[in-house]
Amino acid sequence: MDTPKGSAAAEAAVPAGSSGVTAPAPPPGRAYDDPRIQALLELPHAGHREVPRARQIFVNRNLRMDRIELVGFDMDYTLAIYHLRQLETLAFEMTLARMIEFMGYPPSIGGLQYDPEFVIRGVVVDKQYGNIFKMDRHNHVGRAYHGRRQVPVEMVRRLYRDEKIHLSLPRFAWIDTLFALPEACLFALVIELLEGQGQRVDYHQLFDDIREAIDTVHRDGSLKAEVKKDLDRYLVKDPDLGPALHRLRSGGKKLFLLTNSLWDYTDAVMSYVLDGVLAEYPSWRNYFDAVITGAAKPAFFSERRPLLALGPKGEPLGEATALERGKWYEGGDLSTFERLMGIGGDRVLYVGDHIYGDILRSKKSSLWRTCMVVQEIESEIAWLERNQEALQEMARLEELRLRVEDEIAVHRAALNVLDRRLEREEPNAEERDGLEAERRRNKLELEGLRRALRDANGRIEALERAVEEGLNPYWGLTFKEGNENSRFGEQTEVYACLYTSRASNFVFYSPMQYFRSPRAAMPHERTALVRISPYGDQHGAPVAGDRPSKASKASR
């Protein structure tokens, strides 16, 4: 950028008596090797600077917080953390009751019990075959269940390996939100019960009925009414949330709330989690420069809708012409919001938990930077840390397996050479005896190597199964499927600039933090001899609609 003429910076850049040409900057020195700097870096950190791994913010694309002017938040599962089992059980039971009372399902399904271990984010419901499956990042189906009975590997291959899975088809439903977990569990349990009784189930109709029932208890307010009756039972009070928001505000950021929940529920929930936490903020609304409820995401990011000002009791006052602190708003759209706030593009960071409604749509429709809240990270990291010995043994055996496989290939090639010599060269008796002895030794060594490979593979599989099934006996790790990232993990990497377990984790970081992502490296760049530095420098924000991780990796 050119320095403005007449500015103090411009005058300082041009020495007196010069022709106006800026002198070249001196070459960089080696201040980083100064012993005083090295000593400073080696000092132990104060306790408050050591961020527990489960509370860290993880980086997919470089993000400089000093360039972020506006930080927005979703509410449910982002600012408001729920006791998952209690809320999911409530939604499960209310959906069951509605299916029995209004949709003609037999009373016997009323005895079904919610199984929280059976469902995780990132699984897919197949309404054609009545299965639930998990995919890797290439959309290959790994494990699958019919009811809660695992589908045999041969059947999985026959059903899913000869076709490309397109989740946009009406046949499939991707369970990508925590709100959707009860419907997947209910789908499996009803199939298990009714087919166990010898009944024929229309899987497509069953899932559509479940979704309609659960959407109704959300839409008519009955579920949220139950939550409001006992907020202490369903909501978690995070003591770091208020300080985290204050820290961002103290760094000069404006904050906004953008939620699909309506004003009455938003007020009840936000009052519970934030009122009275810090003396500087007597009301939760004091934290935010704008509060928009009933946003109807993802439509907020792609459709034009009026932005309504609301009165103290939620009554509409007409279309809004400004966004003011301490007032309520409903609806609206991306372009109207950016115009009224006077801030847009990559100066906005939006924090949410919904991979489609919060992260993917905002990334495709705007230049907003994104941070995804994945509550499950905390338990998953804790489990992996408790199983470090098993993971280290797996890593050692995988390195060993690579060397063994390479040696097997060498021995097989050597045996082929020996066989050809014995068959074609017609050696004399002495040479033949030497070649036969060498061939026997090679075969013996090859048998030992193959035995070592079988045992290594068996041990790796056992360790991997213990680690995965110990966390979740049905689906394993959230972000993995086999040796690949799961589709959910891939979506998080592709569309979220940052991801973390809680919105309050920003309390551990400076509001001017430079979040650096690991440099993308191809396999030939990962060896010790040609290893490229692990962190790159700043790169441009991805273009709206691109696959951001792919674009950013290509630009480095």
Side-chain angles (χ1 to χ4, degrees), residues 87-135 139 141-152 155-156 158-223 298-299 354-357 474-475 487-488:
L87 185 64
E88 290 163 11
T89 300
L90 175 66
F92 179 91
E93 291 173 349
M94 292 184 73
T95 303
L96 265 182
R98 185 166 189 84
M99 291 172 67
I100 294 169
E101 183 175 358
F102 296 102
M103 296 180 170
Y105 281 83
S108 60
I109 72 170
L112 294 174
Q113 299 292 313
Y114 183 61
D115 181 358
E117 285 192 325
F118 180 69
V119 281
I120 65 170
R121 276 202 281 187
V123 297
V124 178
V125 170
D126 180 353
K127 293 183 272 185
Q128 179 171 323
Y129 294 118
N131 297 333
I132 300 177
F133 58 76
K134 187 180 176 191
M135 297 190 299
N139 281 13
V141 176
R143 63 200 91 187
Y145 287 85
H146 187 83
R148 285 180 295 180
R149 177 176 54 82
Q150 188 161 10
V151 179
M155 179 68 75
V156 170
R158 188 159 66 249
L159 293 178
Y160 301 113
R161 290 298 169 88
D162 292 333
E163 64 174 316
K164 186 76 171 177
I165 304 296
H166 295 285
L167 294 187
S168 58
L169 295 175
R171 167 185 169 185
F172 300 111
W174 193 33
I175 306 301
D176 59 344
T177 72
L178 294 173
F179 271 132
L181 297 184
E183 64 190 52
C185 182
L186 192 50
F187 181 73
L189 293 180
V190 171
I191 288 173
E192 186 176 75
L193 175 68
L194 297 184
E195 290 188 341
Q197 296 172 348
Q199 299 186 44
R200 188 174 179 275
V201 179
D202 182 333
Y203 306 127
H204 206 293
Q205 187 64 51
L206 171 63
F207 186 81
D208 288 350
D209 287 345
I210 291 171
R211 176 150 286 184
E212 172 61 26
I214 202 165
D215 281 351
T216 300
V217 300
H218 281 287
R219 191 169 52 242
D220 67 9
S222 56
L223 177 70
H354 192 316
I355 190 67
Y356 183 75
Y474 298 102
W475 303 108
R487 178 180 169 83
F488 181 76

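Sequence positions, counted from 1, serve as the residue numbers for this chain. Just so it is clear, the model here is predicted, and its values are computed rather than measured.
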From [X] atom [atom1] to [Y] atom [atom2], the distance as rounded to the nearest 0.5 Å:
X      : Y      : atom1 : atom2 : value
Thr89  : Glu93  : OG1   : CD    : 6.0 Å
Gln128 : Leu169 : CD    : CG    : 10.0 Å
Tyr474 : Asp115 : OH    : CG    : 4.5 Å

Looking at every heavy atom in both [X] and [Y], which two are closest together, and how far apart are they?
X      : Y      : value
Gly147 : Ile191 : N-CG2, 4.3 Å
Pro106 : Leu194 : CG-CD2, 4.1 Å
Ile132 : Ala188 : CD1-CB, 4.0 Å
Ile214 : Pro182 : CD1-CB, 4.1 Å
Leu186 : Met99  : CD2-SD, 3.7 Å

Side chains of [X] and [Y]: does their closest heavy-atom pair fall under 4.5 Å?
X      : Y      : answer
Val201 : Val190 : no
Ile175 : Phe187 : no
Leu159 : Asn131 : yes
Cys185 : Leu112 : no

task: Can you label the angle between the Tyr160 ring and the Phe133 ring as parallel, tilted or perpendicular, going by 30° and 60°?
output: tilted
task: Measure up the Phe118 and Trp475 rings against each other and bin them: parallel (under 30°), tilted (30 to 60°), perpendicular (over 60°).
output: tilted
If we ignore hydrogens and angles and just use 3.5 Å, is the side chain of [X] paired with the main-chain N or O of [Y] as donor and acceptor?
X      : Y      : answer
Asn139 : Ile165 : yes
Arg487 : Val123 : no
Lys127 : Ala173 : no
Tyr114 : Glu88  : no
Thr95  : Ala213 : no

- request: Write out all pairs satisfying salt bridge (Lys or Arg N to Asp or Glu O under 4.0 Å) with one or both partners inside residues 102-112, taking only residues at least two apart or from two chains.
  value: none
- line: With Arg171 as partner, the option from Asp126, Val125, Val124 fulfilling side chain to side chain contact (heavy atoms under 4.5 Å, CB included) is Asp126
field: Pairs involving residues 179-191, ordered by first then second residue, that meet side-chain hydrogen bond (donor to acceptor under 3.5 Å, both in side chains) (sequence neighbours left out)
entry: Glu183-Arg211
field: Of all pairs that satisfy side-chain hydrogen bond (donor to acceptor under 3.5 Å, both in side chains), the ones with a partner from residues 96-111, not counting sequence neighbours
entry: Tyr105-Asp209
query: Who are the salt bridge (Lys or Arg N to Asp or Glu O under 4.0 Å) partners of Glu192, not counting sequence neighbours?
result: Arg148
message: Going by the rule ring-ring contact (aromatic ring centres under 6.0 Å, His included), which residues pair with Phe179 if we only count those two or more places apart in sequence or in a different chain?
response: Tyr77, His218
task: Evaluate whether atom CD of Gln113 has more than 12 neighbouring non-hydrogen atoms of other residues, nucleotides or ligands under 6.0 angstrom away.
output: no
- prompt: Can you name the side chain to side chain contact (heavy atoms under 4.5 Å, CB included) partners of Pro152, sequence neighbours left out?
  reply: Glu154, Met155
- request: Test side chain to side chain contact (heavy atoms under 4.5 Å, CB included) on Tyr203 and His146 and set out the steps.
  value: CA-CA 11 Å; Tyr203 306 127; His146 187 83; 3.3 Å; yes
